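For reference, the structure discussed in these notes is given below.
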Amino acid sequence: MLDRKQLRTDLDSIVEKLRTKNFEFDTSLFNQLEDQRKSLQIQTQNLQNKKNLQSKAIGKAKGKGDDIQSLLDSVSDLASQLKVAEIDLNALQNSLDDLLLGVPNIPHESVPDGDTEDDNLIVLIWGDKPEFDFQVQDHIDLGRHHNGLDFEIAARISGSRFVTMTGPLATMHRALIQFMINYHSQHHGYTETYVPYLVNEAALIGTGQLPRFKEDLFHIDSKNHNLYLIPTAEVPVTNLVADSILDAGQLPIKYVAHTPCFRAEAGSYGRDTRGMIRQHQFEKVELVQIVKPDESMQALEDLTGHAEKILQLLRLPYRKVILCGGDLGFASTKTYDLEVWLPGQDAYREISSCSNMLDFQARRMKARWRNPDTGKPELVHTLNGSGLAIGRTLIAIMENYQRKDGSIDIPDILHPFMNGITKIQS
RNA sequence: GGAGAGCUGGCUGAGCGGCCGAAAGCGGCGGUCUUGAAAACCGUUGAGGGGCAACCCUCCGGGGGUUCGAAUCCCUCGCUCUCCGCCA
């Protein structure tokens with residue numbers, strides 16, 4: 001959520017910046033609601049003040065044993081006036097909240113203009129694409145070849161966009177999780193965390209998935225529960241600091257967590273329907289940082305570097321792009337996508353997305369720190385990034401490490417987690 | 001699932017329907033004393049919002065109600081704890 005004070009004083013330039021994110025802010029509605037709010041709030045508070053003073057006077061008079069009937073008469077219609085004003089004000093505040101909860105974050109000045117992913121800025125290309133002297137298989141063929149990935153059985157059990165894994169491929173999938181969590185906690189200073197996979201509406205509003213992106217979520221609506229399956233660990237992990245005032249000495253906070261992620265993929269019919277690229281359920285190791293405001297842009301560079309390190313250790317070719325304004329996520333001010341090379345698709349595909357949210361999420365979830373310079377609670381900045389998406393990492397290894405006979409080498413760095421297996425034989 | 005107890009500021013914890021945004025202690029900050037530190041003493045210290053300002057408003061788990069007036073009474077929801085049952 002954007003700062004209401006800033007919107008009041010600096011509306012035009014904010015509206016301009018939001019246009020680079022293809023968002024048209026309804027200024028006339030905002031100004032109209034804001035004008036009404038101002039007069040109604042002043043009126044309501046005046047009535048409250050009057051009521052408070054009169055009630056206190058009654059208390060005093062009663063204490064002295066004076067007759068209070070005349071005072072009671074004079075206050076009688078105040079209460080009804082106040083009630084009306086309060087109801088109106090409340091409705092108005094809710095309208096303003098509804099409006100502002102749907103407004104995205106402002107892109108950082110270093111974010112390139114553009115509408116689609118074609119306008120993203122490539123800032124780094126790492127590693128050499130493998131050269132094959134045979135017909136390259138994609139992960140679907142390889143998975144079938146090894147009886148390791150099965151989309152048909154998964155479809156029978158659960159429907160489309162699910163997969164089952166069996167044998168060494170399932171082991172490597174698990175190994176990737178262990179490797180990534182270990183590496184980030186041992187070498188990058190992250191604290192390992194375990195969090196719920198079902199969360200309530202408040203948590204999702206806090207990180208920005210609600211109210212606008214409800215259709216992307218799986219909803220559990222039973223008699224006693226109103227919960228959502230998490231679309232990313234970002235939701236429960238970032239909300240660890242919701243409604244808190246942190247000491248300066250606690251920052252930065254760096255969490256790493258592995259969770260499954262669940263996405264309805266409502267808007268992606270027909271996209272990536274084959275294979276493991278886009279599933280309703282997938283695993284991800286997530287990095288989250290809670291930092292002081294003046295440190296968040298540097299923290300984004302660091303966090304992205306931590307995700308890159310995993311790709312480098314796995315020797316997977318990738319490129320790093322800055323998302324353009326039109327491709328930028330709702331809550332983010334700047335996002336780096338890491339795109340891994342997939343020989344089977346002859347394309348780079350997203351495997352990590354690292355974003356700085358500034359105070360956008362912190363304001364929604366009331367996450368603050370006490371600034372020693374001012375002595376006052378101020379909003380923290382939040383960041384998150386995949387470090388990495390596990391399923392996509394698995395298929396990147398399958399496709400990049402495949403051999404002519406269909407066997408798949410296992411990256412050296414994973415060997416300690418593979419029960420002695422160094423190669424998946426054909 | 002059954003029975004009971006509770007939820008108050010950074011923490012512990014008091015609080016008769018009006019003098020309560022809230023005692024006291026701890027912690028924090030500033031100071032006195034000290035070579036320095038500790039101790040002691042003095043002062044100070046909740047959050048959010050409105051208003052150009054003076055100043056005002058809201059908040060005692062969430063929501064609703066009673067009342068001129070609610071931290072305090074009533075209803076409801078949530079959460080925590082204890083005991084019993086069941087269970088990975």
Side-chain angles (χ1 to χ4, degrees), chain A residues 1-10 30-31 33-97 99-101 194-206 210 220-228 236 239-251 253 290 359 361-380:
Chain A
M1 193 153 60
L2 299 176
D3 185 2
R4 262 162 85 157
K5 272 184 193 153
Q6 208 185 330
L7 274 169
R8 264 178 254 151
T9 56
D10 204 15
F30 176 74
N31 283 327
L33 289 172
E34 201 28 49
D35 289 347
Q36 285 178 35
R37 188 229 92 225
K38 185 166 171 173
S39 63
L40 197 51
Q41 182 162 354
I42 291 170
Q43 183 201 338
T44 305
Q45 294 191 350
N46 283 339
L47 285 168
Q48 285 170 329
N49 182 229
K50 214 180 269 182
K51 182 197 81 173
N52 289 345
L53 293 174
Q54 299 218 20
S55 292
K56 272 183 186 152
I58 290 171
K60 279 203 179 110
K62 213 174 169 185
K64 282 193 284 185
D66 295 349
D67 178 44
I68 58 169
Q69 192 52 51
S70 60
L71 287 167
L72 285 177
D73 293 342
S74 74
V75 83
S76 61
D77 70 333
L78 205 55
S80 54
Q81 276 182 57
L82 179 59
K83 184 150 275 177
V84 171
E86 278 178 341
I87 288 170
D88 288 351
L89 180 61
N90 211 304
L92 207 51
Q93 296 278 25
N94 286 340
S95 303
L96 267 167
D97 279 346
L99 178 67
L100 295 182
L101 282 173
Y194 174 83
V195 290
Y197 305 157
L198 291 164
V199 296
N200 60 27
E201 282 186 1
L204 287 156
I205 289 170
L210 290 180
I220 307 291
D221 188 9
S222 67
K223 191 178 163 207
N224 297 312
H225 300 286
N226 178 26
L227 295 168
Y228 296 82
N239 272 284
L240 287 171
V241 296
D243 288 310
S244 62
I245 301 174
L246 302 158
D247 290 332
Q250 291 175 264
L251 301 176
I253 293 171
I290 314 296
D359 60 11
Q361 293 179 326
R363 184 172 293 108
R364 289 171 165 242
M365 66 173 85
K366 295 182 184 63
R368 294 154 296 172
W369 69 299
R370 194 172 295 279
N371 184 344
D373 296 336
T374 62
K376 292 288 175 192
E378 297 172 13
L379 296 169
V380 295

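Please read these numbers as outputs of a predicted model, since none were measured by experiment. A, B, ... follow the sequence lines: proteins, then strands. Residue 1 opens every chain.
The backbone N or O of A:G249 lies less than 3.5 Å from no partner atom in the side chain of A:D247, so there is not a single donor-acceptor pair. Remark: the backbone N or O of A:L379 is not paired with any side-chain donor or acceptor of A:R368 at under 3.5 angstrom.
Applying the Watson-Crick and G-U wobble criteria (two distances, each under 3.5 Å), B:rA54 pairs with nothing in any strand. The partner of B:rU44, taking Watson-Crick or G-U wobble pairs whose two distances both stay under 3.5 Å, is B:rG28. In this structure, B:rC7 and B:rG78 make a Watson-Crick or G-U wobble pair, each of the two defining distances being under 3.5 angstrom. The partner of B:rU72 is absent, by the rule that a Watson-Crick or G-U pair needs both atom distances under 3.5 Å. Summarising the base pairing, B:rG1 is matched to B:rC84 through a Watson-Crick or G-U wobble pair whose two defining distances lie under 3.5 Å. Pair assignment for B:rU34 gives none, since no Watson-Crick or G-U wobble pairing has each distance under 3.5 Å.
The side chain of A:Q41 lies closest to B:rG50 when the candidates are B:rG69, B:rA47, B:rG50. Listed candidates were B:rC19, B:rG50, B:rA47. Nearest to the side chain of A:K56 is B:rC19. When distances run from any side-chain atom of A:S55 to the nucleotides B:rC68, B:rG48, B:rC57, the shortest one goes to B:rC68. Checked against B:rG18, B:rG50, B:rG48, the side chain of A:K5 finds its nearest nucleotide in B:rG50.
When each of A:Q45 and A:N49 is assigned the nucleotide of RNA chain B with its nearest heavy atom, A:Q45 is the one assigned upstream, toward the 5' end. Summary of the strand contacts: A:A79 and A:Q48 both lie near RNA chain B, and taking for each the nucleotide with the nearest heavy atom, the more 5' one is attributed to A:Q48.
Look at the C1' atom in both B:rC33 and B:rG27: the space between them is 23 Å, to the nearest Å. With both ends at atom C1', the span from B:rA47 to B:rU35 equals 43 Å, rounded to whole Å. Between B:rC84 and B:rA24, the distance separating the two C1' atoms is 39 Å to the nearest Å. The C1' atoms of B:rC77 and B:rC42 are separated by 48 Å, rounded to the nearest whole Å. Between B:rC68 and B:rC79, the distance separating the two C1' atoms is 34 Å to the nearest Å. Between B:rG9 and B:rG46, the distance separating the two C1' atoms is 5 Å to the nearest Å. Spacing between B:rC60 and B:rG21 at atom P, rounded to whole Å, works out to 12 Å. Look at the C1' atom in both B:rG61 and B:rC56: the space between them is 27 Å, to the nearest Å.
The NZ-C1' distance, from A:K38 to B:rC57, rounds to 16 Å in whole Å. The CG-C1' distance, from A:L89 to B:rG49, rounds to 11 Å in whole Å. Summarising the geometry, the separation between NZ on A:K51 and P on B:rU67 is reported as 13 Å, rounded to the nearest angstrom. Rounded to whole Å, atom C1' of B:rU58 lies 19 Å from atom NZ of A:K50. Put simply, NZ on A:K83 is 10 Å from P on B:rG64, counting in whole angstrom units. Note: CD1 (A:I42) to C1' (B:rU58) measures 16 Å, nearest angstrom. Between A:I245 atom CD1 and B:rG9 atom P the separation is 11 Å, expressed in whole Å. Atom CG of A:L47 is separated from atom C1' of B:rU58 by 15 Å (rounded to the nearest Å).
For A:K60, no side-chain nitrogen or oxygen approaches OP1 or OP2 of B:rG18 to under 4.0 Å. A sub-4.0 Å separation between OP1 or OP2 of B:rC56 and a side-chain N or O of A:N46 is absent. Put simply, A:R8 has a side-chain N or O that comes within less than 4.0 Å of OP1 or OP2 on B:rG51. In terms of phosphate contacts, A:R370 brings no side-chain nitrogen or oxygen within less than 4.0 Å of OP1 or OP2 of B:rG27.
Applying side chain to side chain contact (heavy atoms under 4.5 Å, CB included) to A:E378 and the options A:N371, A:D359, A:D373, A:I245 leaves one that passes, A:N371. Among the candidates A:R363, A:R364, A:R4, A:R37, the single residue satisfying the salt bridge (charged side-chain N to carboxylate O under 4.0 Å, His left out) test with A:D97 is A:R4.
Within 4.0 Å of A:R37, counting heavy atoms only, lie sugar-phosphate atoms of the nucleic acid but no base atom.
The distance from the CG atom of A:D88 to the CG atom of A:L40 is 5.5 Å, given to the nearest 0.5 Å. Expressed to the nearest 0.5 Å, how far CG of A:L92 lies from CG of A:D35 amounts to 10.0 Å.
The shortest heavy-atom contact between A:P372 and A:A248 is CG-CB, 3.8 Å.
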